[in-house]
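Please read the structure below before turning to the comments.
Here is how names work: the chains are called A, B, and so on, in the same order as the sequence lines, proteins then strands, and each is numbered from 1. All values derive from a computational prediction rather than experimental measurement.
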Amino acid sequence: MATDFIREIVEEDLHAGRYSTVVTRFPPEPNGYLHIGHAKSICLNFGIANEYGGHCNLRFDDTNPTKEEAEYAEAIKRDVTWLGFSWGEHLYHASDYFEQLYRWAEDLIRAEKAYVDGLTADEIRAFRGTLTEAGKESPHRNRSVDENLDLFRRMRAGEFPDGTYVLRAKIDMASPNINMRDPVLYRIRHETHHRTGDAWDIYPMYDYAHPLSDAIESITHSLCTLEFEDHRPLYDWLIENVPVPAHPHQYEFARLNLNYTVVSKRKLLRLVEDGHVRGWDDPRMPTIAGLRRRGYTPASIRNFADRVGVAKRENVIDVALLEFSVREDLNQIARRVMAVLEPLRVVIENYPEGETEWFDTPNNPEDPSAGSRSVPFSRVLYIERDDFMEEPPKKFFRLAPGREVRLRSSYFITCTGVSKDAGGNIVELRATYDPATRGGDAPDGRKPKATLHWVSAEHAIDCEVRLYDRLFRSENPEESGDFFADLNPDSLKIIADAKLEPSVRGAAAMMRFQFERVGYFCVDPESTSERLVFNRTATLKDTWAKIAKN
RNA sequence: UGGGAGGUCGUUCAACGGUAGGACAGCGGGCUCUGGACCCGCGAAUCGGGGUUCGAAUCCCUGCCUCCCAGCCA
């Protein structure tokens with residue numbers, strides 16, 4: 001059953017026998033990293049191909065040598081693969097078709113449907129007219145076929161400098177659709193292309209290369225975003241006027257927008273180049289690489305893409321939905337572990353000095369097959385500073401003087417005293433434990449109101465934890481002219497000495513954990529065997545935090 | 001003011017002439033050795049005005065609002 005209007009079209013086409021198999025394509029330009037918006041398109045294109053038994057091509061739209069680099073192409077392949085999709089044998093490049101595209105351009109010239117124009121870029125703009133006024137025809141519009149052919153061949157041969165000539169389609173300078181006012185098909189660029197090297201001095205425009213590349217690859221459904229809707233008449237014109245082997249159709253859907261986020265390539269590039277983030281894969285970036293490093297799972301991104309749906313209406317998705325999607329997945333698969341981010345020492349005064357007990361605790365209560373592990377308990381522990389209040393307000397159920405709480409999987413403890421430094425800051429808590437509650441349950445059935453996570457001081461390993469918050473302060477950072485002014489100064493907070501239970505020692509890069517009661521964390525690739533570094537993927541919902549805020 | 005597209009809970013997707021539904025967010029409750037998760041519940045929408053029809057979010061007319069287009073970018 002179709003779940004969106006594009007799948008409805010695909011089903012109808014298949015049902016009507018217009019195509020025997022569905023072929024889609026994901027056509028990134030290798031001039032930047034893929035972001036969450038691309039993920040939507042990837043999931044759509046590869047998803048449809050998978051669902052209807054067709055295939056999806058990965059095609060690099062590398063028609064502009066001035067902006068494109070092989071490094072980006074590699075990153076794109078890595079990201080698509082990581083998301084869980086495969087193009088199989090179908091890896092293509094628009095640049096693979098340059099020769100065919102060139103021959104078709106000559107065909108167009110011979111059919112008097114294209115001409116070489118010598119107007120300057122400024123003149124072409126001036127001749128194009130405006131949104132409300134028709135354009136004027138170029139004085140070169142009616143060159144002879146022979147002259148056009150000669151000029152076009154010499155353009156290819158590199159005889160002319162950049163900008164002197166372009167090849168234009170001869171359509172209609174009075175069209176209300178500006179894209180049909182003799183659009184430029186080829187321009188001269190004396191530039192080295194990352195794949196074709198110096199073989200070409202002319203390069204096709206997107207509007208020319210895209211539909212014809214689709215046709216060459218027998219694409220059935222060419223899916224793109226709304227801003228190309230106006231280009232569809234040109235797409236169709238080319239398919240009709242060039243002897244292509246197939247007749248693909250273009251369909252448009254609304255791009256993904258996320259609040260508190262920018263996803264324009266240009267702006268992401270500036271964030272990287274101006275050093276506002278540490279790179280394309282900075283965990284605060286909405287790039288696939290950034291989300292990966294942040295600890296997002298491929299499944300969570302795919303689920304997110306399914307949830308946001310596909311339609312033509314402009315939309316701004318709440319980042320909370322993205323966060324929900326990771327939590328949902330990580331809750332099922334992430335191993336639980338205890339870590340204390342802001343340590344507060346607790347001395348259990350009636351616990352024997354030098355003794356250690358090991359307690360069994362589940363690795364994932366949501367998944368019994370994940371098994372369990374042992375955590376060491378001793379006389380001196382760390383608990384979270386937030387988990388203690390000397391004068392607890394009404395709904396604060398955690399530790400306070402005289403109050404008993406459970407330490408997860410070990411014992412009930414009661415706070416018996418508070419030590420402060422000269423400045424009045426709490427430096428240590430004193431407590432007693434109840435030996436009868438060994439393992440975490442009281443024989444008399446009493447239930448503490450809170451269960452805290454903890455780490456044995458003697459056994460704890462130190463680690464670095466990077467806490468991320470949204471990169472921008474306002475919902476729509478694009479709205480204000482200077483989006484840099486909207487950067488959140490607290491988007492990264494580094495905790496240099498968090499305390500971790502010893503079972504995590506040696507965790508490999510990219511391993512994901514839930515720090516119980518704190519959030520989901522992922523081992524950063526910068527981690528070493530001596531020093532673990534974690535990125536916070538997402539917080540756990542903390543009801544108390546919400547109460548405290550109000 | 002030319003052309004193209006779009007207006008449904010706060011957000012998003014659905015309902016394809018027959019009870020406007022789901023998800024996220026919010027609020028309330030239950031349960032819990034994570035104040036997590038989970039479970040239950042609540043509030044919440046068809047852009048306006050006409051018309052067709054037994055019946056309209058859906059069809060027609062009209063008005064309004066929003067987005068996109070004047071790169072030799074994609």
Is there a donor and acceptor pair closer than 3.5 Å between the side chain of [X] and the base of [N]?
{"X": "A:Glu229", "N": "B:G6", "result": "no"}
{"X": "A:Arg398", "N": "B:G35", "result": "yes"}
{"X": "A:Asn177", "N": "B:G2", "result": "no"}

Would you classify [X] as touching base, sugar-phosphate or nothing, given that sugar-phosphate means primed atoms plus P, OP1 and OP2, and contacts are heavy atoms under 4.0 Å?
{"X": "A:Leu452", "answer": "nothing"}
{"X": "A:Glu133", "answer": "nothing"}
{"X": "A:Ala311", "answer": "sugar-phosphate"}
{"X": "A:Leu256", "answer": "nothing"}
{"X": "A:His231", "answer": "base"}
{"X": "A:Met338", "answer": "nothing"}
{"X": "A:Asp207", "answer": "nothing"}
{"X": "A:Arg307", "answer": "sugar-phosphate"}
{"X": "A:Arg128", "answer": "sugar-phosphate"}
{"X": "A:Pro28", "answer": "nothing"}
{"X": "A:Val184", "answer": "sugar-phosphate"}
{"X": "A:Lys395", "answer": "base"}
{"X": "A:Val310", "answer": "sugar-phosphate"}
{"X": "A:Phe397", "answer": "base"}

Does any nucleotide pair with [N] by Watson-Crick or G-U wobble geometry, both distances under 3.5 Å, and what is it?
{"N": "B:C16", "value": "none"}
{"N": "B:G41", "value": "B:C27"}
{"N": "B:C67", "value": "B:G4"}

Taking for A:Ala450 and for A:Leu131 the nucleotide of RNA chain B with the nearest heavy atom, the one nearer the 5' end belongs to A:Leu131
Taking the nucleotide of RNA chain B with the closest heavy atom to each, which residue, A:Gly309 or A:Thr437, is nearer the 5' end?
A:Gly309
Send over the distance from [X] [atom1] to [N] [atom2], rounded to a whole Å.
{"X": "A:Lys449", "N": "B:G36", "atom1": "NZ", "atom2": "P", "result": "14 Å"}
{"X": "A:Asp236", "N": "B:G4", "atom1": "CG", "atom2": "C1'", "result": "14 Å"}
{"X": "A:Asn64", "N": "B:A74", "atom1": "CG", "atom2": "P", "result": "5 Å"}
{"X": "A:Met389", "N": "B:G35", "atom1": "CE", "atom2": "P", "result": "16 Å"}
{"X": "A:Glu384", "N": "B:G35", "atom1": "CD", "atom2": "P", "result": "12 Å"}
{"X": "A:Glu501", "N": "B:U34", "atom1": "CD", "atom2": "P", "result": "16 Å"}
{"X": "A:Phe396", "N": "B:G35", "atom1": "CZ", "atom2": "C1'", "result": "11 Å"}
{"X": "A:His453", "N": "B:U32", "atom1": "NE2", "atom2": "P", "result": "22 Å"}

Among the nucleotides B:G6, B:G35, B:A74, which one has an atom lying closest to any side-chain atom of A:Asp61?
B:A74
Is [X] salt-bridged to [Y], going by a charged N under 4.0 Å from an acidic O?
{"X": "A:Arg59", "Y": "A:Asp214", "value": "yes"}
{"X": "A:Arg232", "Y": "A:Glu252", "value": "yes"}
{"X": "A:Asp182", "Y": "A:Arg128", "value": "no"}

Parallel, tilted or perpendicular: which describes the rings of A:Tyr102 and A:Tyr186, with under 30° parallel and over 60° perpendicular?
perpendicular
Mind telling me whether A:Phe515 and A:Phe521 have parallel, tilted or perpendicular rings, with 30° and 60° as the class edges?
parallel
Sub-3.5 Å pairs of nitrogen or oxygen atoms, protein against nucleotides 64-68 of chain B:
residue: B:C67; atom: O2'; partner: A:Glu314; partner atom: OE2; Å: 2.8

Check for me whether the distance between the ring centres of A:Tyr206 and A:Phe228 falls short of 6.0 Å.
yes
Pair A:Phe412 and A:Tyr433, ring centroids less than 6.0 Å apart
no
Can you find a heavy atom in the side chain of A:Leu540 that is under 4.5 Å from one in the side chain of A:Tyr520?
yes
Can you confirm whether more than 12 heavy atoms, excluding those of A:Lys449, are under 6.0 Å from its NZ atom?
no
So, is A:Arg266 close to the B:A74 phosphate, meaning a side-chain N or O under 4.0 Å from OP1 or OP2?
no
